[in-house]
Amino acid sequence: MGNLLEMINLSTTDSKLNKISEKIINNERLSFDDGVYLFESNDFYSLGKMANYAKNKISGNKVYFVLNRHINPTNICVLSCNFCDFAKKIGDPDAYEMTPEEILGKIDKDISEIHIVGGHHPTWKFEYYENIVKEIHQKFPHIQIKGFTAAEIDYFWRRWKIDPEESLARLKEAGLASMPGGGAEVFSPRIHKMLLPGKSNSSRWLEIHRTAHTMGIKSNCTILYGHLETYEERIDHLIQLRELQDHTDGFLAFIPLQYQIGDTHLRKNKISPIEDLKMISLSRLMLDNIPHIKSYWVTIGESTASVGLNFGADDLDGTIGEEKIMHAASASSPAGLARTKMISLISEAGKIPVERDALYNEIKTYAY
Ligand code: V47
(Lines give C-alpha, C1' and ligand atoms only; values in the text may rest on other atoms or scores of the structure.)
Protein backbone atom coordinates (compact mmCIF):
# COMPACT_ATOMS: atom_id res chain seq x y z
CA MET A 1 0.00 0.00 0.00
CA GLY A 2 2.94 2.32 0.71
CA ASN A 3 3.80 2.25 -3.00
CA LEU A 4 0.24 2.87 -4.07
CA LEU A 5 0.02 5.87 -1.73
CA GLU A 6 3.19 7.25 -3.29
CA MET A 7 2.03 6.50 -6.82
CA ILE A 8 -1.11 8.56 -6.37
CA ASN A 9 0.79 11.11 -4.33
CA LEU A 10 -1.14 10.69 -1.08
CA SER A 11 1.75 9.54 1.08
CA THR A 12 2.63 11.71 4.11
CA THR A 13 4.96 11.40 7.11
CA ASP A 14 1.96 11.04 9.44
CA SER A 15 1.10 7.34 9.75
CA LYS A 16 -2.45 8.05 10.88
CA LEU A 17 -3.07 10.23 7.84
CA ASN A 18 -1.62 7.47 5.65
CA LYS A 19 -4.08 4.99 7.19
CA ILE A 20 -6.95 7.32 6.35
CA SER A 21 -5.63 7.71 2.78
CA GLU A 22 -5.53 3.94 2.47
CA LYS A 23 -9.17 3.76 3.49
CA ILE A 24 -10.04 6.31 0.81
CA ILE A 25 -8.15 4.37 -1.84
CA ASN A 26 -9.89 1.15 -0.76
CA ASN A 27 -13.33 2.79 -0.73
CA GLU A 28 -13.63 2.17 3.01
CA ARG A 29 -15.87 4.43 5.01
CA LEU A 30 -14.22 7.03 7.28
CA SER A 31 -15.12 6.91 10.96
CA PHE A 32 -16.09 9.75 13.31
CA ASP A 33 -12.51 9.73 14.70
CA ASP A 34 -11.01 9.87 11.19
CA GLY A 35 -13.13 12.92 10.42
CA VAL A 36 -12.15 14.78 13.59
CA TYR A 37 -8.49 13.86 13.06
CA LEU A 38 -8.57 15.32 9.54
CA PHE A 39 -10.18 18.54 10.76
CA GLU A 40 -7.53 18.89 13.47
CA SER A 41 -4.60 18.00 11.24
CA ASN A 42 -2.37 20.81 10.00
CA ASP A 43 -1.60 18.88 6.83
CA PHE A 44 -4.13 20.85 4.87
CA TYR A 45 -2.40 20.06 1.58
CA SER A 46 -2.76 16.28 2.02
CA LEU A 47 -6.38 16.71 3.04
CA GLY A 48 -7.06 18.53 -0.23
CA LYS A 49 -5.32 15.82 -2.24
CA MET A 50 -7.41 13.13 -0.54
CA ALA A 51 -10.64 15.02 -1.20
CA ASN A 52 -9.73 15.72 -4.82
CA TYR A 53 -8.90 12.05 -5.28
CA ALA A 54 -12.28 11.06 -3.80
CA LYS A 55 -14.04 13.64 -6.01
CA ASN A 56 -12.31 12.34 -9.14
CA LYS A 57 -13.52 8.83 -8.38
CA ILE A 58 -17.11 10.11 -8.30
CA SER A 59 -17.29 12.78 -10.99
CA GLY A 60 -13.94 12.72 -12.77
CA ASN A 61 -12.75 16.11 -13.90
CA LYS A 62 -16.27 17.51 -14.28
CA VAL A 63 -17.63 20.45 -12.30
CA TYR A 64 -21.32 21.28 -12.54
CA PHE A 65 -23.17 24.59 -12.54
CA VAL A 66 -26.79 25.58 -13.00
CA LEU A 67 -28.48 28.71 -14.28
CA ASN A 68 -30.88 29.42 -11.49
CA ARG A 69 -32.74 32.09 -9.64
CA HIS A 70 -33.36 32.34 -5.91
CA ILE A 71 -36.81 33.62 -4.97
CA ASN A 72 -37.55 34.48 -1.34
CA PRO A 73 -41.28 35.35 -1.38
CA THR A 74 -41.19 36.99 2.06
CA ASN A 75 -38.74 37.71 4.85
CA ILE A 76 -41.48 37.89 7.47
CA CYS A 77 -40.86 35.06 9.92
CA VAL A 78 -42.34 33.98 13.24
CA LEU A 79 -38.94 32.69 14.33
CA SER A 80 -35.99 34.68 15.66
CA CYS A 81 -33.01 32.40 15.01
CA ASN A 82 -29.89 33.91 16.48
CA PHE A 83 -27.80 33.43 13.32
CA CYS A 84 -30.31 34.88 10.84
CA ASP A 85 -30.18 38.42 9.42
CA PHE A 86 -32.92 37.77 6.92
CA ALA A 87 -36.02 37.41 9.12
CA LYS A 88 -38.16 40.45 9.92
CA LYS A 89 -41.40 40.99 11.81
CA ILE A 90 -44.62 42.47 10.38
CA GLY A 91 -44.36 46.26 10.53
CA ASP A 92 -40.57 46.31 10.31
CA PRO A 93 -39.53 48.85 7.64
CA ASP A 94 -37.44 46.18 5.87
CA ALA A 95 -40.16 43.50 5.88
CA TYR A 96 -41.50 42.53 2.45
CA GLU A 97 -44.08 40.26 0.83
CA MET A 98 -44.08 39.41 -2.87
CA THR A 99 -47.20 38.83 -4.92
CA PRO A 100 -47.32 35.91 -7.38
CA GLU A 101 -47.12 38.48 -10.22
CA GLU A 102 -43.95 39.98 -8.76
CA ILE A 103 -42.45 36.52 -8.45
CA LEU A 104 -43.33 35.60 -12.04
CA GLY A 105 -41.83 38.89 -13.18
CA LYS A 106 -38.43 37.96 -11.70
CA ILE A 107 -38.07 34.75 -13.69
CA ASP A 108 -35.85 34.66 -16.77
CA LYS A 109 -37.03 31.98 -19.21
CA ASP A 110 -33.40 30.99 -19.96
CA ILE A 111 -32.77 29.45 -16.53
CA SER A 112 -33.15 25.78 -15.54
CA GLU A 113 -33.89 25.97 -11.82
CA ILE A 114 -35.86 28.17 -9.44
CA HIS A 115 -34.96 27.96 -5.76
CA ILE A 116 -37.83 29.09 -3.49
CA VAL A 117 -37.23 29.56 0.24
CA GLY A 118 -38.80 32.07 2.60
CA GLY A 119 -39.67 33.05 6.17
CA HIS A 120 -42.28 31.24 8.28
CA HIS A 121 -45.03 33.76 7.58
CA PRO A 122 -47.64 34.03 10.36
CA THR A 123 -50.73 34.33 8.12
CA TRP A 124 -49.92 33.17 4.58
CA LYS A 125 -51.88 29.99 3.98
CA PHE A 126 -50.30 26.87 2.49
CA GLU A 127 -52.45 27.48 -0.62
CA TYR A 128 -50.45 30.65 -1.34
CA TYR A 129 -47.26 28.59 -1.77
CA GLU A 130 -49.05 25.84 -3.65
CA ASN A 131 -50.41 28.47 -6.02
CA ILE A 132 -46.97 30.06 -6.57
CA VAL A 133 -45.57 26.68 -7.60
CA LYS A 134 -48.56 26.03 -9.87
CA GLU A 135 -48.29 29.40 -11.60
CA ILE A 136 -44.54 29.17 -12.15
CA HIS A 137 -44.88 25.63 -13.44
CA GLN A 138 -47.67 26.59 -15.83
CA LYS A 139 -45.87 29.62 -17.22
CA PHE A 140 -42.36 28.06 -17.33
CA PRO A 141 -42.87 24.27 -17.58
CA HIS A 142 -39.24 23.74 -18.63
CA ILE A 143 -37.85 25.28 -15.40
CA GLN A 144 -37.46 22.87 -12.47
CA ILE A 145 -38.72 24.20 -9.14
CA LYS A 146 -36.59 23.37 -6.10
CA GLY A 147 -38.50 24.73 -3.15
CA PHE A 148 -39.29 24.75 0.57
CA THR A 149 -36.89 23.64 3.27
CA ALA A 150 -37.84 20.87 5.68
CA ALA A 151 -38.29 23.63 8.28
CA GLU A 152 -40.98 25.25 6.09
CA ILE A 153 -42.66 21.90 5.44
CA ASP A 154 -42.70 21.35 9.21
CA TYR A 155 -44.15 24.83 9.70
CA PHE A 156 -47.07 24.02 7.34
CA TRP A 157 -47.88 21.25 9.82
CA ARG A 158 -47.45 23.37 12.93
CA ARG A 159 -49.36 26.36 11.58
CA TRP A 160 -52.00 24.80 9.32
CA LYS A 161 -52.04 21.13 10.38
CA ILE A 162 -51.11 19.97 6.90
CA ASP A 163 -48.77 17.06 7.43
CA PRO A 164 -45.58 16.63 5.37
CA GLU A 165 -46.99 13.76 3.28
CA GLU A 166 -49.90 15.97 2.23
CA SER A 167 -47.97 19.22 1.69
CA LEU A 168 -45.25 17.46 -0.30
CA ALA A 169 -47.80 15.53 -2.39
CA ARG A 170 -49.69 18.73 -3.19
CA LEU A 171 -46.51 20.69 -3.99
CA LYS A 172 -45.31 17.84 -6.21
CA GLU A 173 -48.65 17.80 -8.00
CA ALA A 174 -48.36 21.59 -8.48
CA GLY A 175 -44.93 21.18 -10.11
CA LEU A 176 -42.27 20.90 -7.39
CA ALA A 177 -39.21 19.02 -8.71
CA SER A 178 -36.98 18.84 -5.64
CA MET A 179 -36.28 20.29 -2.20
CA PRO A 180 -33.38 22.51 -1.12
CA GLY A 181 -31.18 21.57 1.81
CA GLY A 182 -31.69 24.56 4.09
CA GLY A 183 -32.93 24.55 7.65
CA ALA A 184 -30.57 21.80 8.81
CA GLU A 185 -28.11 24.28 10.41
CA VAL A 186 -26.13 22.00 12.79
CA PHE A 187 -27.92 18.95 14.16
CA SER A 188 -26.27 19.20 17.58
CA PRO A 189 -28.94 19.67 20.30
CA ARG A 190 -26.50 22.03 22.08
CA ILE A 191 -26.34 24.36 19.07
CA HIS A 192 -30.04 23.99 18.39
CA LYS A 193 -30.87 25.18 21.89
CA MET A 194 -28.52 28.17 21.59
CA LEU A 195 -29.29 29.29 18.05
CA LEU A 196 -32.68 28.18 16.89
CA PRO A 197 -35.10 27.55 19.72
CA GLY A 198 -38.56 26.81 18.29
CA LYS A 199 -37.35 25.67 14.86
CA SER A 200 -37.86 22.08 13.74
CA ASN A 201 -35.15 19.90 15.27
CA SER A 202 -32.73 17.49 13.64
CA SER A 203 -34.86 14.38 13.87
CA ARG A 204 -37.81 16.23 12.31
CA TRP A 205 -35.56 17.63 9.54
CA LEU A 206 -34.27 14.14 8.76
CA GLU A 207 -37.76 12.63 8.95
CA ILE A 208 -39.13 15.14 6.42
CA HIS A 209 -36.30 14.46 3.97
CA ARG A 210 -36.87 10.73 4.45
CA THR A 211 -40.56 11.25 3.63
CA ALA A 212 -39.71 13.31 0.54
CA HIS A 213 -37.26 10.67 -0.71
CA THR A 214 -39.86 7.94 -0.18
CA MET A 215 -42.27 9.98 -2.31
CA GLY A 216 -39.70 10.25 -5.11
CA ILE A 217 -38.74 13.84 -4.32
CA LYS A 218 -34.96 14.28 -4.39
CA SER A 219 -33.39 16.86 -2.10
CA ASN A 220 -30.19 18.57 -1.02
CA CYS A 221 -28.69 18.90 2.43
CA THR A 222 -26.60 21.57 4.16
CA ILE A 223 -24.62 22.50 7.23
CA LEU A 224 -24.29 26.04 8.59
CA TYR A 225 -20.69 26.13 9.85
CA GLY A 226 -18.23 28.64 11.20
CA HIS A 227 -20.11 29.97 14.23
CA LEU A 228 -20.20 28.22 17.62
CA GLU A 229 -20.07 24.58 16.57
CA THR A 230 -17.16 22.20 17.24
CA TYR A 231 -15.41 19.91 14.74
CA GLU A 232 -17.04 16.98 16.53
CA GLU A 233 -20.49 18.49 15.98
CA ARG A 234 -19.76 19.02 12.29
CA ILE A 235 -18.66 15.41 11.83
CA ASP A 236 -21.66 14.10 13.76
CA HIS A 237 -23.91 16.16 11.44
CA LEU A 238 -22.25 14.66 8.35
CA ILE A 239 -22.59 11.14 9.71
CA GLN A 240 -26.32 11.60 10.38
CA LEU A 241 -26.79 12.70 6.75
CA ARG A 242 -24.71 9.76 5.51
CA GLU A 243 -26.84 7.33 7.48
CA LEU A 244 -30.09 8.66 6.05
CA GLN A 245 -28.62 8.53 2.55
CA ASP A 246 -27.71 4.86 3.09
CA HIS A 247 -31.43 4.20 3.52
CA THR A 248 -32.99 6.48 0.92
CA ASP A 249 -30.39 7.49 -1.70
CA GLY A 250 -32.44 10.67 -2.12
CA PHE A 251 -29.84 13.39 -1.53
CA LEU A 252 -28.36 14.91 -4.66
CA ALA A 253 -25.94 17.43 -3.19
CA PHE A 254 -24.48 18.72 0.04
CA ILE A 255 -23.86 22.44 0.53
CA PRO A 256 -21.57 23.68 3.32
CA LEU A 257 -22.90 27.17 4.12
CA GLN A 258 -20.39 29.44 5.78
CA TYR A 259 -22.04 31.48 8.55
CA GLN A 260 -22.18 35.16 7.51
CA ILE A 261 -21.58 37.37 10.52
CA GLY A 262 -23.86 40.20 9.38
CA ASP A 263 -25.48 41.85 12.40
CA THR A 264 -25.77 38.65 14.44
CA HIS A 265 -22.09 38.47 15.45
CA LEU A 266 -22.00 34.94 16.83
CA ARG A 267 -18.24 35.22 16.43
CA LYS A 268 -15.95 38.19 16.04
CA ASN A 269 -14.28 37.45 12.71
CA LYS A 270 -15.23 35.47 9.71
CA ILE A 271 -13.50 32.11 9.50
CA SER A 272 -10.51 31.70 7.19
CA PRO A 273 -10.54 30.33 3.63
CA ILE A 274 -8.50 27.40 4.96
CA GLU A 275 -11.42 26.49 7.23
CA ASP A 276 -13.80 26.74 4.25
CA LEU A 277 -11.61 24.42 2.22
CA LYS A 278 -11.28 21.97 5.12
CA MET A 279 -15.08 21.93 5.42
CA ILE A 280 -15.47 21.19 1.70
CA SER A 281 -12.82 18.45 1.83
CA LEU A 282 -14.31 16.80 4.90
CA SER A 283 -17.76 16.91 3.30
CA ARG A 284 -16.47 15.03 0.26
CA LEU A 285 -14.58 12.49 2.34
CA MET A 286 -17.26 11.75 4.95
CA LEU A 287 -20.27 11.84 2.60
CA ASP A 288 -19.10 8.97 0.40
CA ASN A 289 -22.67 8.25 -0.70
CA ILE A 290 -23.82 11.77 -1.68
CA PRO A 291 -22.96 12.41 -5.32
CA HIS A 292 -22.30 16.16 -5.32
CA ILE A 293 -20.60 18.69 -3.02
CA LYS A 294 -21.08 22.40 -3.70
CA SER A 295 -18.43 25.06 -3.41
CA TYR A 296 -21.01 27.75 -2.70
CA TRP A 297 -19.47 31.00 -3.92
CA VAL A 298 -22.28 33.12 -2.49
CA THR A 299 -21.02 32.56 1.07
CA ILE A 300 -17.29 31.88 0.60
CA GLY A 301 -16.61 34.21 -2.33
CA GLU A 302 -15.62 33.41 -5.89
CA SER A 303 -11.89 32.92 -5.23
CA THR A 304 -12.21 30.41 -2.40
CA ALA A 305 -15.06 28.68 -4.26
CA SER A 306 -12.83 28.26 -7.30
CA VAL A 307 -10.05 26.73 -5.14
CA GLY A 308 -12.71 24.50 -3.52
CA LEU A 309 -13.02 22.74 -6.89
CA ASN A 310 -9.61 21.21 -6.18
CA PHE A 311 -10.56 20.34 -2.59
CA GLY A 312 -13.38 17.91 -3.30
CA ALA A 313 -16.26 20.03 -4.62
CA ASP A 314 -17.79 19.24 -8.00
CA ASP A 315 -20.49 21.90 -8.18
CA LEU A 316 -20.43 25.71 -8.16
CA ASP A 317 -24.22 26.20 -7.90
CA GLY A 318 -24.82 29.32 -10.02
CA THR A 319 -27.19 31.85 -8.56
CA ILE A 320 -28.28 34.63 -10.87
CA GLY A 321 -29.06 37.58 -8.67
CA GLU A 322 -30.57 40.89 -9.66
CA GLU A 323 -27.65 41.73 -11.89
CA LYS A 324 -28.44 45.04 -13.61
CA ILE A 325 -25.22 47.04 -13.95
CA MET A 326 -23.26 44.63 -16.11
CA HIS A 327 -26.35 43.75 -18.06
CA ALA A 328 -26.88 47.40 -18.97
CA ALA A 329 -23.41 47.45 -20.51
CA SER A 330 -23.75 44.26 -22.48
CA ALA A 331 -25.97 42.64 -25.09
CA SER A 332 -25.86 39.35 -23.24
CA SER A 333 -28.75 38.21 -21.02
CA PRO A 334 -28.19 37.89 -17.25
CA ALA A 335 -28.29 34.12 -17.79
CA GLY A 336 -25.63 34.44 -20.48
CA LEU A 337 -23.41 36.48 -18.19
CA ALA A 338 -23.84 34.02 -15.34
CA ARG A 339 -22.97 31.17 -17.69
CA THR A 340 -19.76 32.88 -18.87
CA LYS A 341 -18.69 33.57 -15.28
CA MET A 342 -19.32 30.00 -14.15
CA ILE A 343 -17.46 28.54 -17.13
CA SER A 344 -14.43 30.73 -16.51
CA LEU A 345 -14.27 30.01 -12.75
CA ILE A 346 -14.44 26.27 -13.43
CA SER A 347 -11.97 26.32 -16.33
CA GLU A 348 -9.49 28.36 -14.29
CA ALA A 349 -9.58 25.60 -11.66
CA GLY A 350 -8.54 23.13 -14.38
CA LYS A 351 -11.90 21.35 -14.47
CA ILE A 352 -14.48 20.69 -17.19
CA PRO A 353 -17.59 22.90 -16.88
CA VAL A 354 -20.88 21.02 -17.23
CA GLU A 355 -24.18 22.90 -17.20
CA ARG A 356 -26.89 20.93 -15.39
CA ASP A 357 -30.51 21.21 -14.31
CA ALA A 358 -31.83 20.96 -10.72
CA LEU A 359 -31.80 17.15 -10.88
CA TYR A 360 -28.24 16.99 -12.24
CA ASN A 361 -29.25 16.00 -15.76
CA GLU A 362 -26.39 17.25 -17.92
CA ILE A 363 -27.39 20.01 -20.35
CA LYS A 364 -24.07 20.86 -21.98
CA THR A 365 -20.35 20.23 -21.49
CA TYR A 366 -18.03 23.13 -22.30
CA ALA A 367 -14.69 21.93 -23.58
CA TYR A 368 -11.83 24.31 -22.85
O1 V47 B 1 -31.10 27.31 6.25
C2 V47 B 1 -29.28 31.79 7.45
C3 V47 B 1 -28.63 29.80 6.03
C4 V47 B 1 -29.95 28.71 4.63
C5 V47 B 1 -27.38 32.73 7.63
O6 V47 B 1 -30.24 23.32 -1.50
C7 V47 B 1 -27.27 31.64 6.77
O8 V47 B 1 -29.16 23.92 -3.29
C9 V47 B 1 -25.08 32.04 6.46
O10 V47 B 1 -30.30 26.40 2.34
N11 V47 B 1 -25.09 33.10 7.30
C12 V47 B 1 -30.80 28.85 3.39
N13 V47 B 1 -26.14 31.31 6.19
C14 V47 B 1 -29.93 28.71 2.13
C15 V47 B 1 -29.88 27.29 1.67
C16 V47 B 1 -29.30 26.95 0.35
C17 V47 B 1 -28.47 27.84 -0.31
C18 V47 B 1 -27.98 27.46 -1.55
C19 V47 B 1 -28.31 26.28 -2.14
C20 V47 B 1 -29.15 25.41 -1.48
C21 V47 B 1 -29.55 24.13 -2.13
C22 V47 B 1 -29.65 25.73 -0.21
O23 V47 B 1 -29.20 29.88 4.78
C24 V47 B 1 -30.62 28.56 5.96
C25 V47 B 1 -29.48 28.88 6.87
O26 V47 B 1 -28.70 27.74 7.11
N27 V47 B 1 -28.46 31.08 6.72
N28 V47 B 1 -28.64 32.83 8.03
C29 V47 B 1 -26.20 33.49 7.91
N30 V47 B 1 -26.20 34.54 8.72
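Please read these numbers as outputs of a predicted model, since none were measured by experiment.
At a threshold of 4.0 Å, the pair D288-R29 counts as salt-bridged, since one of the basic side-chain nitrogens sits closer than that to a carboxylate oxygen. Taking 4.0 Å as the cut-off between side-chain N and carboxylate O, D314 and K55 do not count as a salt-bridged pair. Look at R170 and E166 and you find a salt bridge, because one of the NZ, NE, NH1 or NH2 atoms lies within 4.0 Å of a carboxylate O, short of that distance. Between R159 and E152, none of the side-chain N atoms (NZ, or NE/NH1/NH2) sits under 4.0 Å from a carboxylate O, so this pair counts as no salt bridge. Note on E207 versus R210: no salt bridge recorded, every NZ/NE/NH1/NH2 to OD/OE distance being 4.0 Å or above. Taking a cutoff of 4.0 Å between a charged side-chain nitrogen and a carboxylate oxygen, D154 and R204 qualify as a salt bridge.
To the nearest 0.5 Å, the span separating OG on S167 from CD1 on I153 amounts to 4.0 Å.
Between Y155 and H120, the angle of the ring planes stays under 30°, which puts this pair in the parallel group of the 30/60° scheme. Between Y129 and F148, the ring-plane angle classifies as perpendicular under the 30° and 60° cut-offs. The aromatic rings of F251 and H209 lie tilted to each other, with the angle between the two planes from 30° to 60°. Classification of the F86-Y96 ring pair by plane angle, with boundaries at 30° and 60°, yields perpendicular.
For the pair K16 and Y37, the cation-pi test (distance below 6.0 Å, angle within 45°) is passed. Annotation: cation-pi geometry satisfied between R356 and Y360 (NZ/CZ under 6.0 angstrom from ring centroid, within 45° of ring axis).
Between E135 and N131, the side chains place a donor N or O and an acceptor N or O closer than 3.5 Å (distance only, hydrogens not considered).
For the salt bridge (Lys or Arg N to Asp or Glu O under 4.0 Å) test with E229, the passing option among R267, R234, R190 is R234; the others fail.
Residue pairs meeting the side-chain hydrogen bond (donor to acceptor under 3.5 Å, both in side chains) criterion with at least one partner in residues 295-304, sequence neighbours excluded, are E302-K341.
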